[in-house]
> 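This structure is in C-alpha cells; I'll ask about it shortly.
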Amino acid sequence: MLHAEKTEWFELEVTVNGQKIKQAIPMHLRLLDFLRETLRLTGAKEVCGEGECGACTILLNGKAVNSCLIFAAESHGGTILTIEGLQTASGLNDVQQSFIDDHAVQCGYCIPGMILSVEEFLKHSPHPDREKIRHALAGNICRCTGYQKVVDAVENTAKKR
Amino acid sequence: MWSSIDTIHKPTSLTEAWELSQTPGTTVICGGTYLAAERDPAITGLIPLNAHLSHRITRGKSTLSIGAGVDVDNLVSFNWPSPFQPLAEAARQSCPSANIRNQRSIGGELGASRFNSELIILLHALNPQLKIVQAQESTEYLVEWNGDGIIREMALEIAPEIRMEYLRFAPIPSAAPFLCVAGVTAGAGCRIVVGGNVNSLRVLEFDTNTLGVEQQGLVLEHAEDTLLADHFGGVAYKRKLLVTALRRLGKALCT
C-alpha cells in the first residue's frame, strides 16, 4: 500500500522577494514560467531552456540555480530572490551599480542572471581573483561583452564591499 | 515546459519512493538537470527525493559519509583531507557551471553515471561504498553496482597512504574530456579507470600499488575497445593518447 499523494495540481507556498505566495499550479510548470508568466517577474530570462546559458538564474534558498530546469513545485517552502528583489530601499544594489559604472552591460539580456550569480558568489568568496570570478560565471553566457568588463565590475564590487 | 508530467508524487520515505519508481512512466528526481533538459515524453510522473536525502558530508574516524543529496558545488568547496583534494577539482571540471553544480546532487550524478565526467571516473577509481535503497537497504561498491535502487549515501574510506590522480584530454578546459584516465593507489593495490567518449567505463584492479609498464600494457589491452572515434580523432589516435596518459599517470602516482 503506497501512501504517496498523487495530484495534478499543486498548492505551492513559496516566498518570492520577501513576499509569501500561495498559488495552485499545474505540475508541469517550471519555476521560470511561474516567475515570468504567473507572477509577471520578467527579470529572469528564457534563452536556451536547457541550463546552458544561465539567463534564467535566480537564487533559490540562497543558491544560484537555473530556473528553467526546476519545477515550480520543487521550490515549495523555499525562498526565492529574483533580480526584481535585489534592489534596496536606497536604489540599486552594489553589484548592479558596478555593472553600470564599469560598462558591463550591452544588450542586457544575460545581466539579471549574471548579477544574481555574482551576488551568491561574493557571499562565500568576498575577495576573489579574476580567475575565480571567471570560474564563478562559467554558467552565465554573454554574447556581447566578451566578459572583460563583467569581470571588472565583479572585482570592483568586491573591493568596495 | 515538460508537458507530459501530470504527477509529482510525495513519497513519505525512500523505500516508498523506490516502490513508486517501479511504476512505468515514473522516475526519481533529485536536482533534475538531466531530466528537465531531456523532457522525455514517456515520463508522466516524478518522484522527488530531496526531502528524504541527507545533504551533509560527515567525517568519521576512517570514512567520509556523503549524503546523496549533497550538491556537486559542495564537493567543490568542501575541505577535503589532502589525499582527496583531486575530487574537488574533478567535481568542478565535471560541471563548469556553478549554477548547475548547485542543482546537481551526488546521488543524481552517480545515477546518471556519465562516462565523460571526471568526477564519476575518479569515483570509480576510488570505488566507494554505496547505501542502496530498494525493498531492503543494501551496501554495494560503486564498481559493482548495477544501477538499480536509490542511492542514500556514499562512503569513502580515508586511508593515509591513498593517492589519486586523473588526466583529462579536452579541446578547452570547460569542455567534457574525450579521454580521461584516473588512478588510485591504496595499500598494496591500484585501480585504474578509463573514461571519456567511450562505450563503457573500464575499471582494472591490480595487486600492486605501482602502474608500471606491465600494468599499463594490461590497461591498454582491456580498454582500447571501449574508445570511440569522434571529431577529435579516430580510435588509433585515442589509443596513442591512452598510452601517453597511462605513462604520465604511472609517474604521477609513483612520485
Side-chain angles (χ1 to χ4, degrees), chain A residues 1-10 12 25-33 37 46 48-74 76-78 113-114 116-118 120-121 124-125 132 134-141, chain B residues 1-13 15-23 26 29-39 41 43-52 55 71-74 76-77 89 92-93 95-104 108 172-175:
Chain A
M1 176 76 183
L2 298 174
H3 302 285
E5 277 180 49
K6 180 180 171 176
T7 50
E8 292 180 6
W9 284 79
F10 188 89
L12 176 67
I25 54 159
M27 284 299 184
H28 61 257
L29 194 69
R30 297 176 308 170
L31 185 53
L32 177 62
D33 301 321
E37 308 300 330
E46 173 149 27
C48 72
E50 296 179 346
E52 297 288 342
C53 70
C56 63
T57 302
I58 53 119
L59 299 191
L60 174 59
N61 301 325
K63 288 200 160 191
V65 294
N66 291 338
S67 57
C68 71
L69 294 184
I70 301 178
F71 285 97
E74 286 181 88
H76 184 65
M114 288 254 186
L116 287 165
S117 291
V118 171
E120 188 217 345
F121 169 62
H124 55 76
S125 298
K132 276 193 176 166
R134 285 181 179 278
H135 279 311
L137 289 172
N140 293 84
I141 293 175
Chain B
M1 206 67 84
W2 188 1
S3 51
S4 64
I5 299 299
D6 60 21
T7 307
I8 295 183
H9 294 278
K10 293 181 193 166
T12 55
S13 67
T15 310
E16 192 174 307
W18 177 78
E19 285 176 39
L20 284 165
S21 72
Q22 302 307 296
T23 315
T26 60
I29 183 167
C30 181
T33 59
Y34 297 108
L35 292 168
E38 283 170 13
R39 296 185 184 91
I43 295 175
T44 56
L46 297 176
I47 308 159
L49 300 178
N50 267 323
H52 304 291
H55 299 259
D71 66 54
V72 176
D73 203 56
N74 277 352
V76 175
S77 57
E89 186 62 5
R92 192 187 62 74
Q93 287 183 322
C95 181
S97 163
N99 295 0
I100 299 285
R101 286 200 302 270
N102 278 335
Q103 284 169 265
R104 284 189 178 161
I172 55 171
S174 59

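By convention in this document, chain letters (A, B, ...) are assigned in the order of the sequence lines, proteins followed by strands, and residues within each chain are numbered from 1. Treat the numbers as computed from the prediction; the structure is a model and nothing was measured. Below, all heavy atoms of this structure are taken into account, side chains as well, without hydrogens, waters or symmetry copies.
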> Grab the two heavy atoms, one from Ala98(B) and one from Ala136(A), that are nearest each other, plus how far apart they are.
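Minimum heavy-atom contact is CB-O, 4.1 Å.
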> Just verifying a value: how many Å separate Met27(A) CE and Ile8(B) CD1, rounded to the nearest 0.5 Å?
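One finds 5.0 Å between CE of Met27(A) and CD1 of Ile8(B).
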> Check whether any side-chain N or O of Asn102(B) sits under 3.5 Å from a backbone N or O of Ala64(A) as a donor-acceptor pair, and report yes or no.
yes
> Using 0.5 Å steps for rounding, measure from the CD atom of Gln103(B) to the CG atom of Asn66(A).
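Reported to 0.5 Å precision, the distance equals 5.0 Å.
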> Carefully, step by step, assess Glu74(A) and Ile29(B) under the rule side-chain contact (heavy atoms from CB on, under 4.5 Å).
CA-CA 10 Å; Glu74(A) 286 181 88; Ile29(B) 183 167; 4.1 Å; yes
> When you look at Phe71(A) and Leu46(B), which way does the side-chain contact (heavy atoms from CB on, under 4.5 Å) test go after all the steps?
CA-CA 10 Å; Phe71(A) 285 97; Leu46(B) 297 176; 3.1 Å; yes
> Given side chains that start at C-beta, do those of Leu69(A) and Ile100(B) come closer than 4.5 Å, heavy atoms only?
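Sidechains of Ile100(B) and Leu69(A): in contact.
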> Hey, could you give me the CD1/CG distance between Ile58(A) and Asn99(B), rounded to the nearest 0.5 Å?
9.5 Å
> Please classify the contact between Ala73(A) and chain B as side chain, backbone, both or neither, with a heavy-atom cut-off of under 4.5 Å.
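For Ala73(A), side-chain heavy atoms alone lie under 4.5 Å from chain B.
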> Measuring from atom CZ of Arg39(B) to atom CZ of Arg30(A), what distance do you get when rounded to the nearest 0.5 angstrom?
5.5 Å
> Which region of Thr33(B), side chain (C-beta onward) or backbone (N, CA, C, O), has a non-hydrogen atom less than 4.5 Å from a non-hydrogen atom of chain A, or is it both or neither?
both
> Is it true that Lys63(A) and Asp73(B) have a side-chain N and a carboxylate O under 4.0 angstrom from each other?
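Asp73(B) and Lys63(A): not salt-bridged.
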> Can you tell me how far the CG atom of Leu29(A) sits from the OG atom of Ser3(B), to the nearest 0.5 Å?
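Between atom CG of Leu29(A) and atom OG of Ser3(B) there are 12.0 Å.
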